[in-house]
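Here's the structure, in structure tokens; my notes come after.
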Amino acid sequence: MSVYRRLHAAHGPQFWWPGDTRFEIMVGAVLTQNTAWSNVEKAIANLRAAKALTPHAIVAAPHRQLVSWLKPSGYFNIKAKRLRAFCAWLLQQGGVRRLAHWPTDRLREALLAVHGVGPETADDILLYAFERPVFVIDAYTRRIFMRLGLIEGREKYEVLRKLFEDRLGDDVTLFNEYHALIVAHGKDVCRPRPHCTRCRLRPLCASPVANN
DNA sequence: ACCCAGGGTCATA
DNA sequence: TATGACCATGGG
């Protein structure tokens with residue numbers, strides 16, 4: 001049975017990404033950098049309550065104001081700058097609707113050129129906001145597949161992304177669900193310790209890597 | 001009182 | 001190219 005099917009059997013359908021609009025998904029992708037999603041939700045709720053969940057409002061907001069909304073998500077000084085840079089870029093490009101016509105490669109390059117948007121954030125946005133067939137590589141992906149003995153774990157981002165994409169094809173729906181399942185697995189049971197005992201996917205958590 | 005979370009940038013060698 | 005420091009809140 002494939003890793004995907006095992007994850008799906010254990011965790012069920014995930015229906016990602018949490019968020020009502022494409023813009024909200026993008027905001028979440030920036031704010032969730034190395035941060036628990038529960039904290040991101042609070043920051044997004046603050047933006048919504050202030051009617052500031054738009055590129056215009058975020059660009060127009062004073063730094064202190066933006067910081068106060070983002071505070072629960074951590075790294076608020078940095079994220080205020082990143083979110084503003086991202087929103088400024090969105091507006092400069094004519095908004096989400098216009099960007100939706102760009103070919104995937106060009107869109108990815110442009111996203112990576114925005115300050116504060118790295119490979120994972122760019123791919124979150126491409127997959128979940130623009131529905132492009134891009135496989136997201138995160139710490140959980142490395143950890144799980146390293147424990148399965150399928151990767152070394154220290155490969156560069158692009159190497160792993162291509163590995164998954166070549167093997168899985170161009171199925172946006174599959175990529176969407178797969179990454180969500182990987183995160184669900186990491187969140188629930190697959191902690192950083194050598195192996196967990198509660199995991200319903202024992203082969204995924206019983207470390208096949210000999211040492212440590 | 002730790003540890004970690006759905007990363008990325010920047011300085012240094 | 002490859003490490004390491006740094007960013008910061010909230011939940012376990």
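So you know, we letter chains A, B, ... as the sequences are listed, proteins then strands, and number each from 1.
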Query raised in the report: Between A:Q33 (side chain) and A:L31 (backbone), is there a donor-acceptor pair under 3.5 Å?
Result: no

Query - Protein-nucleotide distance (A:Y157, atom OH; B:dG6, atom C1'), rounded to Å - result: 11 Å

Report task. In whole angstrom, give me the gap between the P atoms of B:dG6 and C:dC6. Result -> 24 Å

Query raised in the report: Is A:H115 touching bases, backbone alone, or none of the nucleic acid, heavy atoms closer than 4.0 Å?
Result: sugar-phosphate

Requested in this report: Mind checking side-chain hydrogen bond (donor to acceptor under 3.5 Å, both in side chains) for A:E165 and listing every partner two or more places apart, or none if nothing turns up?
Outcome: A:R161

Requested in this report: Can you tell me, in whole Å, how much space there is between the P of C:dA8 and that of B:dC10?
Outcome: 14 Å

Which donor-acceptor pairs under 3.5 Å do the side chains of residues 105-119 of chain A make with protein atoms, sequence neighbours left out?
from: A:R108; atom 1: NE; to: A:D123; atom 2: OD1; distance (Å): 2.7
from: A:R108; atom 1: NH1; to: A:E158; atom 2: OE2; distance (Å): 3.1
from: A:R108; atom 1: NH2; to: A:D123; atom 2: OD1; distance (Å): 3.2
from: A:R108; atom 1: NH2; to: A:D123; atom 2: OD2; distance (Å): 3.0
from: A:R108; atom 1: NH2; to: A:E158; atom 2: OE2; distance (Å): 3.0

Query raised in the report: Of A:D124 and A:G116, whose nearest nucleotide on DNA chain B comes first from the 5' end?
Result: A:D124

Query - Which residues share a side-chain hydrogen bond (donor to acceptor under 3.5 Å, both in side chains) with A:D138, sequence neighbours left out - result: A:T141

Query - Residue pairs fulfilling salt bridge (Lys or Arg N to Asp or Glu O under 4.0 Å) with at least one residue in residues 16-29 of chain A, sequence neighbours excluded - result: A:E24-A:R48

Report summary line: With sequence neighbours left out, the residues meeting side-chain contact (heavy atoms from CB on, under 4.5 Å) with A:A60 are none

**Report entry** Minimum-distance nucleotide (side-chain atoms of A:Y140 versus B:dA5, C:dT3, B:dG8)
**Finding:** B:dA5

Report summary line: Sequence neighbours excluded, the answer for side-chain contact (heavy atoms from CB on, under 4.5 Å) partners of A:K162 is A:D166

Query - Listed partners of A:Y178 passing side-chain hydrogen bond (donor to acceptor under 3.5 Å, both in side chains), at least two apart - result: none

Requested in this report: Please work out if A:V40 contacts a base, only the sugar-phosphate, or nothing of the nucleic acid, heavy-atom cut-off 4.0 Å.
Outcome: nothing

**Report entry** Intra- and inter-strand pairs of DNA chain B in dot-bracket (Watson-Crick or G-U wobble, both distances under 3.5 Å; | for another strand)
**Finding:** .||||.|||||||

**Report entry** Exceeds 12 heavy-atom contacts within 6.0 angstrom, atom NE2 of A:H63
**Finding:** yes

Please tabulate, for the side chains in residues 91-104 of chain A, all donor-acceptor contacts under 3.5 angstrom to protein atoms that are two or more places apart in sequence or on a different chain.
from: A:T104; atom 1: OG1; to: A:R132; atom 2: NH1; distance (Å): 3.0

Query - Qualifying residues under side-chain hydrogen bond (donor to acceptor under 3.5 Å, both in side chains), relative to A:T32, sequence neighbours excluded - result: none

**Report entry** nucleotides 6-12 of chain C: protein proximity per nucleotide (B base, S sugar-phosphate only, - neither; heavy atom, under 4.0 Å)
**Finding:** -BBBSS-

Query - A:R142 CZ to B:dG7 C1', straight-line distance once rounded to whole Å - result: 12 Å

**Report entry** Below 4.0 Å: OP1/OP2 of B:dC4 and any side-chain N or O of A:R143
**Finding:** no

Requested in this report: Using the P atom as the reference point in each nucleotide, state the distance between C:dA5 and B:dC3 in Å, no decimals.
Outcome: 15 Å

For nucleotides 11-13 of chain B, give me every protein contact, N/O to N/O, under 3.5 Å, one pair per line with atom names.
none

